[in-house]
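A, B, ... follow the sequence lines: proteins, then strands. Residue 1 opens every chain.
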There are 2 protein chains.
Amino acid sequence: MLELDQIDCSSLRITKQRQLILDELMSVKSHPTADELYQMVRKRLPKISLGTVYRNLEIMSDCGVIQKLDIGGTQKRFDANAETHYHVRCAKCGKVDDIDMPPDRSVEKEAGKLSKYTIIRHRLEFTGICPACK
Amino acid sequence: MLELDQIDCSSLRITKQRQLILDELMSVKSHPTADELYQMVRKRLPKISLGTVYRNLEIMSDCGVIQKLDIGGTQKRFDANAETHYHVRCAKCGKVDDIDMPPDRSVEKEAGKLSKYTIIRHRLEFTGICPACK
DNA sequence: TTTGGTGCAAAGGCTTTGCAGAAAG
DNA sequence: CTTTCTGCAAAGCCTTTGCACCAAA
């Protein structure tokens with residue numbers, strides 16, 4: 001729940017593993033799960049462990065280098081683009097893509113008026129059927 | 001992933017358990033997790049099992065009686081209101097509330113133009129700090 | 001060196017499931 | 001009666017974590 005903690009991002013080291021995980025994530029426009037990323041990185045660094053992938057994805061998203069997506073489905077997904085942007089998820093195969101729509105910050109102001117919460121951010125997600133599943 | 005399957009909703013029976021789970025869910029405006037609901041129902045039906053709660057929540061959301069929410073955090077939450085509406089989640093305590101904002105279906109048309117997906121629905125969620133956590 | 005990172009394997013948290021008996025229709 | 005549902009407990013799936021060793025700075 002506590003997602004506001006600041007972690008120390010200044011003492012991070014650049015390890016082979018961390019670099020490769022980021023490289024692989026940046027190389028795809030899809031939004032892979034930790035395990036998918038693990039399979040990708042393993043081709044170049046066969047001895048890397050799944051735990052290391054999870055640990056690094058966690059750290060990098062805490063530091064704002066990447067983004068952890070909590071889209072439908074059971075597994076979390078990761079996005080090399082840490083900026084706010086919108087996504088679509090295929091209801092059949094679970095694939096997640098970006099939607100190239102400019103984020104509309106005004107909805108946050110509106111939501112702030114309609115509730116007693118102090119709004120920090122918003123997230124807009126679409127569900128649909130991807131071209132391959134049609 | 002396959003969330004489009006139709007399940008047979010015509011042969012459902014009205015059991016004590018199912019009725020109570022729905023009653024409890026309808027009685028709150030919060031959006032409880034399966035376990036929270038289990039604790040609530042247990043006060044009135046001490047011998048109910050957690051598995052039964054999960055099973056019924058699954059069935060009722062498949063049949064469109066209730067809604068399963070996939071909001072941030074590790075646990076799924078449930079909503080007696082199956083209509084499309086928006087939510088806020090507190091970044092500190094994880095509480096989820098409704099936002100009384102009319103759903104804007106036009107964003108779906110826009111997203112359809114900007115991607116190759118056939119859009120089925122959208123979901124808008126806010127993150128903020130609830131009054132109790134301020 | 002010092003401190004942070006890694007691999008491994010075990011543990012954890014939430015959810016699903018198989019099965020035999022119970023209950024709804 | 002027949003079919004669906006329940007309680008229980010075990011299994012499953014994804015993710016986190018403890019520990020001893022390794023490597024970056």
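- Set against D:dT15, D:dC14, C:dG5, the side chain of A:Ala34 has D:dT15 as its closest nucleotide.
- Put simply, CG on B:Leu20 is 15 Å from C1' on D:dC5, counting in whole angstrom units.
- When the nearest nucleotides of DNA chain D are assigned to B:Lys47 and B:Asp8 by heavy-atom distance, the more 5′-ward of the two goes with B:Asp8.
- Note: CG (A:Asp35) to P (D:dC14) measures 8 Å, nearest angstrom.
- A distance below 2.5 Å between sulfur gamma atoms is not met by B:Cys90 and B:Cys130.
- Proximity of a side-chain donor or acceptor of A:Ser115 to a complementary backbone N or O of A:Ala111 within less than 3.5 Å is detected.
- Whole-Å rounding puts the A:Asn56 CG to D:dA24 P distance at 13 Å.
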Write out a two-atom table: protein N or O, nucleotide N or O from nucleotides 16-20 of chain D, distance below 3.5 Å.
residue	atom	partner	partner atom	Å
D:dG18	O6	A:Arg55	NH1	3.3

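- If you take CZ of A:Arg13 and C1' of D:dA25, they are 6 Å apart, rounded to a whole angstrom.
- Distances shown here put a side-chain N or O of B:Thr15 below 4.0 Å from the OP1 or OP2 atom of D:dT6.
- Judged by distance alone, with hydrogens and angles left aside, the side-chain atoms of A:Glu36 form a donor-acceptor pair with the main-chain N or O of A:Thr33 at under 3.5 Å.
- B:Lys76 has its NZ atom 12 Å from the P atom of C:dC14, to the nearest Å.
- Under the 30°/60° scheme for interplanar angles, the aromatic rings of A:His31 and A:His87 are found to stand perpendicular.
- In this structure, B:Leu57 atom CG and D:dT6 atom C1' are separated by 15 Å, rounded to whole Å.
- When atom types are taken as modelled, the side chain of B:Gln19 and the backbone of B:Ile14 share no donor-acceptor pair closer than 3.5 angstrom.
- Between B:Lys16 and A:Thr33, it is B:Lys16 whose nearest contact on DNA chain D lies nearer the 5' terminus.
- Side-chain N/O atoms of A:Gln17 include none lying less than 4.0 angstrom from OP1 or OP2 on D:dA23.
- A heavy-atom distance below 4.5 Å is not found between the side chains of B:Leu37 and B:Val28.
- Side-chain contact between A:Lys134 and B:Thr118 is present, with heavy atoms from C-beta onward closer than 4.5 Å.
- Here the P atom of nucleotide D:dT15 and the CG atom of A:Leu69 are 13 Å apart, to the nearest Å.
- Between B:Arg77 atom CZ and C:dT15 atom C1' there is a gap of 16 Å when expressed in whole angstrom units.
- When the nearest nucleotides of DNA chain C are assigned to B:Ile14 and A:Leu45 by heavy-atom distance, the more 5′-ward of the two goes with A:Leu45.
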